[in-house]
Number of protein chains: 2
Amino acid sequence: MATIKDIARKAGVSVTTVSRALNGYDDVNETTRKKIKQVAEELAYSPNAVARSLVSKKTRTIGLIISDINRAGAKDAFAYEVLCGINDRAGDLNYDLLLFSTNPSKQMEKSYTALCKERNVEGAIISGLRLDDPYLQEVIDQNSFPCVLIDIPRTGDNVAYIASDSRAGAATAVQHLLDYGHAEIAMINGHDQAYVSRERLAGYKDALEQANVPFREELVYDGGFTEDGGAEAMYQILLRHPQATAVFCASDLMALGAMRTLEKTGRRVPGDISIVGFDDINIASYCSPKLTTIRQDKYEMGYRGAQLLIDMLDDRTDNRKVTLGNQLIIRESTRNLREG
Amino acid sequence: MATIKDIARKAGVSVTTVSRALNGYDDVNETTRKKIKQVAEELAYSPNAVARSLVSKKTRTIGLIISDINRAGAKDAFAYEVLCGINDRAGDLNYDLLLFSTNPSKQMEKSYTALCKERNVEGAIISGLRLDDPYLQEVIDQNSFPCVLIDIPRTGDNVAYIASDSRAGAATAVQHLLDYGHAEIAMINGHDQAYVSRERLAGYKDALEQANVPFREELVYDGGFTEDGGAEAMYQILLRHPQATAVFCASDLMALGAMRTLEKTGRRVPGDISIVGFDDINIASYCSPKLTTIRQDKYEMGYRGAQLLIDMLDDRTDNRKVTLGNQLIIRESTRNLREG
DNA sequence: CCGCAGATCCGAAACGTTTCGGAAAAAAAT
DNA sequence: ATTTTTTTCCGAAACGTTTCGGATCTGCGG
């Protein structure tokens, strides 16, 4: 590996000059610059970013802590789409992404903060954390690097977040069912350590209240955000609330599980029961019946999240909260009881 | 940011001792070690990985060049699943992942080799490259870091690859159609700069030859690996080869496109035409009819690819080629003409 | 001929670690 | 009491860059 010193020696100049020549400073004669560049070429010189970072204190790297990058997350490609958004925006602005090996199986020995500090990333984007994550608070309190949280509404001096408006989205979903004349609407939620679950439950209540339908706690089940959990919750609903005509699911994956249960037990969707999901995952528009759902723009979350982080890095913003809107996509899984 | 020097000063020892104490060397008195650790704690010391890398020449980082991480790739989550596999294995072995910002829009100014060398990654995994990628050859010829290619069958001193056996997989798929009594089988391929396309075409020919069915070039169309491309290719097939009773698609996404065309034109799958795909993407088991396809274990590709790379890093293997088997998954999109 | 401005270059320090080769002190062996 | 070993420590160099503060040289106006 040729270094700047090798070039200096061979070109008969100092390392200072080589550095300045290669970095385009203007206090170096064009002839020497040519010469230096040529020598660099001959030696197949490649700058050492590690050494550079050490002195410049810049790594041009964004740390990524995405705890839901795993096999299970392949169906709803939530993490993936967020990642794509981040990757695209970061790429535009010439930042590389450092994906930390957060090992979910054995508990981590190092905090997220420690990881980021050690590696000198300039900022970090964190996604997929539970509210009870032991290291979350430390991230929020820390003050050494800017940080963007995805779907976790916490802010700090150095911490911003980007989230989709789960509450309004859920309200829209339930409103849609109410508009279609459904009165007894059950809900399959995720789990109570997810921010989005809390919000979606709140949205569910909002819509009911708006329509003067009393909220009944017993109509809400947790499906843990998994397909199997959704399927299981649906069984409970069928058993205990046979009068329910609609179910609002806090994720499409759980909605898919619920539909599986309904199919197995001979119910028709939306004939007997209407289903509305949340996310608009890819499968939603291919399954049968096609799923009515609330679309979240996950790519946009990543893209805007990366932008937000970089704005913070450059001190270009004081904004610490970004909320994205969602959209109701009506497909085939909901039935209008008021028509025929 | 407290450094090792600060600790040394405050603890009244040399930096050498601090370094050795913190790194668990045994030539330091346990009392001093305690003291040093305590001071480190007080100062909230966090080691600087950049400085460490500079001298140790190790970054414990694997470079990732995955050119198909983008929005379009969300449906077939190929890149995603591979990434998950890599992430899991790399995480187990305590490597972090550096995702390079390969900007596909504007042509890149730096080669993959240059990126990896500059950042001092210990090795790299490359996926999603076309055979005519201008920088591919350079990677293969380079000798400065080990590299694993995914689905690109090229090797070198420092370059290994992992691929799924596309040829055998394709042959199995076509064989399945032949077994079901189909005689005129069209094919929708990807594009000719993809290795897998070439292999799948070869597999298609293999199966035909095996069954003494003459290969007819005009039955093969390119769909560019996109859903729309598949839909378009299907129109061509319907128009020009109305006798075809089955289509083998080189990807599930194109198969989905083809089914869309068939539905629009009033054909029934598998009643009128049988379809078999390739990949087994998530949607394949949810769409209607459910898609018969060849399953590739993409997660496994990533996982084993990471393992292979790390083996190379540790000089633990001479193996430069890994091929994974595929599996025929029979669902609902193929009809057996021999029964009823 | 002097002084000065601009152009071009360089030495040395700094970034935060690791590690080599040895030194001082304490303990053990002779 | 002297030598040898062991334990514990440290100085200094090295990794490959950037950058600060000059130094040297050239040409020009006065």
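Convention: sequence-line order gives letters A, B, ...; per-chain numbering from 1.
In this structure, CG of L22(B) is placed 14 Å from P of dT19(C), rounded to the nearest angstrom. When rounded to the nearest whole Å, the span between CD1 of I4(B) and P of dC15(C) equals 14 Å. Rounded to whole Å, atom C1' of dT8(D) lies 16 Å from atom NZ of K34(B). For the pair N120(A) CG and dT17(C) P, the computed distance is 9 Å after rounding to whole Å. Between R9(B) atom CZ and dG16(C) atom P the separation is 11 Å, expressed in whole Å.
For D27(B), the CG atom sits in a packed shell: over 12 heavy atoms of surrounding residues, nucleotides or ligands are nearer than 6.0 Å. Heavy atoms from other residues, nucleotides or ligands lying under 6.0 Å from CG of D132(A) number more than 12. More than 12 heavy-atom neighbours from other residues, nucleotides or ligands sit within 6.0 angstrom of CG on N29(B).
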Could you list the donor-acceptor pairs under 3.5 angstrom formed between side-chain atoms of residues 4-16 of chain B and any protein atom two or more places apart in sequence or on another chain?
{"residue": "D6(B)", "atom": "OD2", "partner": "T3(B)", "partner atom": "N", "Å": "2.8"}
{"residue": "K10(B)", "atom": "NZ", "partner": "E42(B)", "partner atom": "OE1", "Å": "3.1"}
{"residue": "S14(B)", "atom": "OG", "partner": "T16(B)", "partner atom": "N", "Å": "3.3"}
{"residue": "S14(B)", "atom": "OG", "partner": "T17(B)", "partner atom": "N", "Å": "3.2"}
{"residue": "S14(B)", "atom": "OG", "partner": "T17(B)", "partner atom": "OG1", "Å": "3.1"}

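A side-chain donor from one of T113(A) and E138(A) sits under 3.5 Å from a side-chain acceptor of the other. Looking only at atom types and distance, the side chain of Y303(A) has no donor-acceptor partner in the side chain of D297(A) under 3.5 Å away.
Of the residues in residues 38-63 of chain A, those with a non-hydrogen atom less than 4.0 angstrom from any atom of DNA chain C are L54(A), V55(A), K57(A).
A salt bridge between D133(B) and R130(B) is absent, with no side-chain N of the basic residue lying under 4.0 Å from a carboxylate O of the acidic one.
Taking the side chain as every heavy atom from C-beta outward, D76(A) and K298(A) never approach each other to under 4.5 Å. The shortest side-chain heavy-atom distance between L99(A) and L83(B) falls under the 4.5 Å cut-off.
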Practice prompt. Using the side-chain contact (heavy atoms from CB on, under 4.5 Å) rule, take R320(A) and M312(A) through it: C-alpha gap first, then chi angles, then the decisive distance, then the call.
Written response: CA-CA 9 Å; R320(A) 292 288 175 273; M312(A) 289 168 75; 3.8 Å; yes
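Taking only side-chain nitrogens and oxygens, Y25(B) never comes nearer than 4.0 Å to OP1 or OP2 of dT18(C).
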Any N/O pairs under 3.5 Å between the protein and nucleotides 24-26 of chain D? List them or say none.
none

Return the polar atom pairs (N/O with N/O) between nucleotides 4-6 of chain D and the protein under 3.5 Å, or none.
none

Distances under 3.5 Å between nitrogen or oxygen atoms of protein and nucleotides 7-12 of chain C:
{"residue": "dT8(C)", "atom": "OP1", "partner": "N29(A)", "partner atom": "ND2", "Å": "3.2"}
{"residue": "dC9(C)", "atom": "OP1", "partner": "T32(A)", "partner atom": "OG1", "Å": "3.3"}
{"residue": "dC9(C)", "atom": "OP2", "partner": "N29(A)", "partner atom": "N", "Å": "2.8"}
{"residue": "dC9(C)", "atom": "OP2", "partner": "T32(A)", "partner atom": "OG1", "Å": "2.8"}
{"residue": "dC9(C)", "atom": "N4", "partner": "D27(A)", "partner atom": "OD2", "Å": "3.0"}
{"residue": "dC10(C)", "atom": "OP2", "partner": "S14(A)", "partner atom": "N", "Å": "2.9"}
{"residue": "dC10(C)", "atom": "OP2", "partner": "S14(A)", "partner atom": "OG", "Å": "3.3"}
{"residue": "dC10(C)", "atom": "OP2", "partner": "T17(A)", "partner atom": "OG1", "Å": "2.7"}
{"residue": "dG11(C)", "atom": "N7", "partner": "T16(A)", "partner atom": "OG1", "Å": "3.2"}
{"residue": "dG11(C)", "atom": "O6", "partner": "T16(A)", "partner atom": "OG1", "Å": "2.9"}
{"residue": "dA12(C)", "atom": "N6", "partner": "T16(A)", "partner atom": "OG1", "Å": "3.3"}

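Here S56(B) pairs with nothing under the side-chain hydrogen bond (donor to acceptor under 3.5 Å, both in side chains) rule; sequence neighbours left out.
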